[in-house]
Amino acid sequence: MQQKELISGLNLLSNADMVLVNSPLRDYGQRPKDDYEVLPPMGLAYIATHAAQHGHNVGLIDAEHHGLEQARLASMVNNLNPRYVGINVFTPTRTQALRFAEQLTPDLLLIIGGPHATTLTERTLREFSEVHSKVILIRSEAEIAVTALLDGKRAEQIPGAFWLENGRLSYTPGLSVPNNLDELPQLSRKFLANDPSVDRHTGRIESRVLTSRGCPFNCTICAGARDVLDLPVRNRNAQNVAQEIQGLVTDDNVQSIRFVDDLFIASEKRVRSILDAMNNVGISNLFWDSTGRASILAKFSPDLFDYLKANGASEIALGIESRSERLRKRINKQASLLEIEKSVNELTRRGIKVKGYFVIGIPTETRAETLSTLDFAKQLSQDHVGFFRSSVFIFRPYPATGEWNYLVKSGFSEDELLSMHAEGEGERAKHEVLPTQQFGECSPEELEGLLSQHDMWQTNFLH
Ligand code: SF4
């Protein structure tokens, strides 16, 4: 692919004000990217949209989607010589983001942000400052702060900006997050390489839409939990959401929307307001997928499930996590088994698919609990053939979550916990990341073996 096709949204005829990079999970120069779908970097695209609205020339390179090798990525950015380079740092992409920073021309100004930078602020700033000389870290949502930097403000004038001064941590107190999401410009998809795109399972043209930021819940395994982000939930006005979707349908022939909110079905009132607003602007025959929560769905009336189906609900993702009541309580997923089963039944019997997320290897998990969770994922697939699929993950701690804090108190070092997000080598590099620490009764090797067996079973079962 030519260089200009790899940079979304940038006007190549004038100097670049900023190049944003969606960090790759691995260096794809060493091993090509496997064929998996990458969610578009919505946060970076919102930053680019906001900056562009203020007259800045911004481009976005989705290095993960394109499967770019590090050397090419760094040389592209260095050649563009923008006023600022921005990169998002997630805990799983931290290592590659650091490698990228290391290869930047020394006088380029680097802005780092994202969930990992927000939760392990000082450590992350110091790590990046060791490999690159000019680094500013922006905590939390960054569109307002980044535009302010591009407008010429100094970090000292921007709440939520952190930097090192002669090795000493300096920062401007507060955050620069938008309180009213409706005041943000509508997301410009010219910055996204794969949105809209054709969904590989359904063949429909799909676009992703964010209707809210934040989650009211506090699951102890989740990097998006309320206490981790420390921000209130902010909803976009339903009419504003409907306008965005109407534009996607009219201009891009979009047939399906994936609501990528942390929790889209947060209440009956909220979901009704969005679907009603879509109806009011004449949107029909549109499918949608979203996230939901069993404890909320189980309280919905049969009429409401009918309404979801009649208004395009196609697949709902539920974080079921564990069959063990003890563990679900521990991680603050307080749906009962009855509520989980009721939600799955009510959805699937109407032809709405369910994607169930499960986690094994949670701290204190016994072997019996691990096996029971895997059995539960199997059982739900067998009970709802064609309408239930499971995604099982091995537990990995994310900074500032309840489980991370518990593990640190139990004696694990930050390095040990971060090693759970490191890449494997050789044969073991087939997996994106490897479990390295043991938090429950099963060893990392045992969990890996059980997960492979489950994945193989699911592949054979579904085909
Ligand atoms: S797992 Fe889901 S419901 Fe729980 S805190 Fe995270 S986003 Fe919210």
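Just the heavy atoms: all of them, side chains too, but no hydrogens, waters or symmetry mates, feed the values below. In listed order, ligands and their atoms are each counted from 1.
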Quiz item: What residues form a side-chain contact (heavy atoms from CB on, under 4.5 Å) with F287, not counting sequence neighbours?
Solution: R204, S256, S314
Self-check item: For K309, side-chain contact (heavy atoms from CB on, under 4.5 Å) partners two or more places apart
Solution: R350, I352
Quiz item: Can we call the ring centroids of H66 and Y28 under 6.0 Å apart?
Solution: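 H66 vs Y28: aromatic centres not under 6.0 Å.
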Quiz item: Do you know which two heavy atoms are closest between E206 and D289, and how far apart they sit?
Solution: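 Here E206 and D289 meet closest at OE1-OD2, 4.1 Å.
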Quiz prompt | Shell of protein N/O/S atoms around atom 4 (Fe) of ligand 1, taken as anything under 2.8 Å | solution =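 Only C219 SG fall inside 2.8 Å of atom 4 (Fe) of ligand 1.
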Practice problem: Could you list the residues that satisfy ring pair (Phe, Tyr, Trp, His ring centres under 6.0 Å) with F100, not counting sequence neighbours? | Solution: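 F100 satisfies ring pair (Phe, Tyr, Trp, His ring centres under 6.0 Å) with no other residue.
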Quiz item: F412 and W404: ring pair (Phe, Tyr, Trp, His ring centres under 6.0 Å), yes or no, with the steps?
Solution: CA-CA 9 Å; F412 285 93; W404 173 281; over 10 Å; no
